[in-house]
Amino acid sequence: MKLILSDFSCKLRLKKLNFTPMILVTGGTGLVGSHLLLQLLKGDEPIRAIYRRDKTLSRVKNVFSYFSDDADILFNKIEWVEADVNDIPKLQDAFKNITHVYHCAAFISFEPDKYRALRRVNIEGTANIVNLSISHQVKKLCYVSTIAAIGHHSNPKKLIDEQTEWSPENDNSIYAITKYGAELEVWRGTQEGLDAVIVNPGIILGAGYWNDGGSGSFFQRIYNGVPYYTSGVTGYVDVWDVINVMEELMKSSVKNEGFILVSENLSFKSFFTKTALNLGVKPPKKEASSWLLGIGWRLDWLNHKLFGSRRRLSKQTAKSAVSNTKYDASKIKNSINFEFKPIDTSIKEVSTLFLKNL
Ligand SMILES: NC(=O)c1ccc[n+]([C@@H]2O[C@H](COP(=O)([O-])OP(=O)(O)OC[C@H]3O[C@@H](n4cnc5c(N)ncnc54)[C@H](OP(=O)(O)O)[C@@H]3O)[C@@H](O)[C@H]2O)c1
C-alpha cells in the first residue's frame, strides 16, 4: 500500500512538474519545420504542430514522401493545431502540456514594404512564443534564427563567429533586423528563467520547396537557367544538419547559447555552377558586377513605384550578392562534436530529389 501511495504521489508530482515530454513545432509547414517533424517522429514523444492554412499541409506530406513510403501514416501521427504566432488565444491551446518548443516559424522577405509584417511575425510572434513558453513552464526552447542576425566585420577576410557584434549602424536588411529583434526576445526570455538555444544557419539546402521563393527555389531557378552569377560569398548548410543539431541541442544540457550552422562558405558562382552541373544544365557564365546590380535594384524600385510590381532586388540584397561574408562554425563542432555534411553531397542529394520531382 505504502508503495502504491508513494508511486501515486510520485506520478502526481511528475505530472505537476510536467515531466511527460510533449513537443510543439512552429513553422511545421516550412522547409525546416517539415524535415524536423519527420525526424522527431522517429522518437517516442507526442508531437503537436501549428499551421495556418490547410493548403500548406500538403507540402509536409510531400516532403515526407521523399523519404518515406508511409508519408500519410506519419503525417497523421502529428497533432495539427490551427494557430498563427500572433494569435495568442489559439497559441494558448497549442501550448497545453507542452514541454519542448522548436520555433521555426518566420516570415522571410527582403521587400522593404514588408517591414511591418516582418516585425509582427518575427519579433512579436517570437515574443508570444517566449512568453507562452515561460507561462507554461516549458523546459527548453530552440529558436531558428539565421546568420543574417549576426554582425559583420569590416575586414571581409576575418571569419564571422558568434562573438561578432551586431551593429545597428550597418546597412542591415529588414529580414536581418527582425530576426535579430526576435533573438533579443529569446535572450529576454532566458533572463526570465527560460532555457533556450538559438541556431543561426546559413543558406539551408533541402528538398520540397521548389517554388516558394525561399532557399528551396534556388534549384528551380538554376534549373530554369540563370545567366548571371555574383561574386559574393556566404555560408551554406544541409537541412538535415540543421535538424540534427537542433535535436541534439534540445536533448543536451547546453542552454542559453547561440550557434552558427555553416558547413562551408562558398561563392555564389561556385554554388550556382555546382548546382547547375548536378541538375544537368548550363552554369551561368557572366558576372553581375556591383555596378550592374546597383542599376538593377534602382530599376526594380522604379518598376515597383510606377507599376506596383513586386520588389525582387533591394539595395541590401544587391549588396549581399557581392559581399564576402565567411562564417566560422567551430563552436557547434566543438560543443557537441558535430561534423557537417559536405555541401557537394548536399547539392547532389537535393538536386537528385528535384529531378525526380520533375
Ligand atoms: N531557408 C533558409 O535558407 C534559412 C536560412 C537561415 C535561417 N532560416 C530560418 O529558418 C526558419 C525556417 O525557415 P524555412 O526556410 O523553413 O521557411 P519557410 O519554408 O518559409 O517556412 C516558414 C514557416 O513559418 C510559418 N509562418 C509564417 N508566418 C507565420 C505566422 N504568422 N504564424 C505561424 N506560422 C507562420 C509558415 O507557415 P505557412 O506555411 O502557413 O506559410 C511556414 O511553416 C526561419 O526562422 C528562417 O528565418 C532559413
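Counting starts at 1 for both ligands and their atoms, in listed order.
For the ligand labelled ligand 1, residue T26 lies outside the 4.0 Å heavy-atom shell. Note on ligand 1: Y175 sits in its first shell, one or more heavy atoms being nearer than 4.0 Å. Not close to ligand 1: R120, with no non-hydrogen atom less than 4.0 angstrom away.
Listed by number with element, the atoms of ligand 1 under 4.0 Å from a non-hydrogen atom of P201 are 6 (C). Proximity to V144 (heavy-atom distance under 4.0 Å) selects the following atoms of ligand 1: 9 (C), 10 (O), 11 (C), 45 (O). Annotation for ligand 1: atoms under 4.0 Å from non-hydrogen atoms of R53 are 38 (P), 39 (O), 40 (O), 41 (O). Of all atoms in ligand 1, listed by their number and element, those nearer than 4.0 Å to a heavy atom of I203 are 3 (O). Short contacts between ligand 1 and R59, defined as distances under 4.0 Å to a heavy atom of the residue, involve ligand atoms 39 (O). In summary, the atoms of ligand 1 found under 4.0 Å from a heavy atom of G202, numbered by their order in the structure, are 5 (C), 6 (C).
Between G206, A83, A106, C104, it is A106 that holds the heavy atom closest to atom 27 (C) of ligand 1.
When non-hydrogen atoms are compared, ligand 1 lies under 4.0 Å from the backbone of V32 as well as from its side chain. Counting heavy atoms closer than 4.0 Å to ligand 1, residue I147 contributes nothing at all.
N86 contributes a side-chain N or O that, together with a main-chain N or O of R120, makes up a donor-acceptor pair within less than 3.5 Å. With hydrogens and angles disregarded, no donor-acceptor distance shorter than 3.5 Å links the side chain of Y223 to the backbone of V281. With H153 contributing its side chain and L159 its backbone, the two residues share a donor-acceptor pair below 3.5 Å. Side-chain N or O atoms of K179 include none that pairs as donor or acceptor with a backbone N or O of I147 at under 3.5 Å. Listed for the S323 side chain is no donor-acceptor partner under 3.5 Å among the backbone atoms of T325.
The protein atom (non-hydrogen) at minimum distance from atom 39 (O) of ligand 1 is T29 OG1, 2.6 Å. Closest protein heavy atom to atom 34 (N) of ligand 1: A105 CB, 3.6 Å. Considering only non-hydrogen protein atoms, atom 2 (C) of ligand 1 sits nearest to S215 OG, 3.5 Å. What sits closest to atom 45 (O) of ligand 1 on the protein, heavy atoms only, is K179 NZ, 2.6 Å. Of the protein's heavy atoms, I204 N, 2.9 Å lies nearest to atom 3 (O) of ligand 1. At the shortest separation from atom 7 (C) of ligand 1 among protein heavy atoms lies S145 O, 3.1 Å. Here the heavy atom of the protein found nearest to atom 15 (O) of ligand 1 is L31 CB, 3.8 Å. Among protein heavy atoms, atom 21 (O) of ligand 1 sits closest to G30 CA, 3.3 Å.
Salt bridge status for K139 with D195: absent, with no side-chain N to carboxylate O gap under 4.0 Å. Residues E111 and R310 are paired through a salt bridge, judged by an N-O separation under 4.0 Å between the basic side chain and the carboxylate. By the 4.0 Å N-to-carboxylate-O rule, K274 lies close enough to D344 to be salt-bridged with it.
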Before giving the answer on ring pair (Phe, Tyr, Trp, His ring centres under 6.0 Å), spell out for F110 and Y175 the whole-Å C-alpha distance, their side-chain angles and the decisive distance to 0.1 Å.
CA-CA 6 Å; F110 298 89; Y175 169 65; 5.2 Å; yes
Could you walk me through whether E287 and K269 pass the side-chain contact (heavy atoms from CB on, under 4.5 Å) check?
CA-CA 8 Å; E287 180 176 343; K269 179 182 183 186; over 6 Å; no
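Using a 3.5 Å distance cut-off with no hydrogens or angles, the side chains of N128 and E124 do not pair a donor with an acceptor.
Inter-residue side-chain proximity for F272 and P283 is flagged as unmet; no heavy-atom pair is nearer than 4.5 Å.
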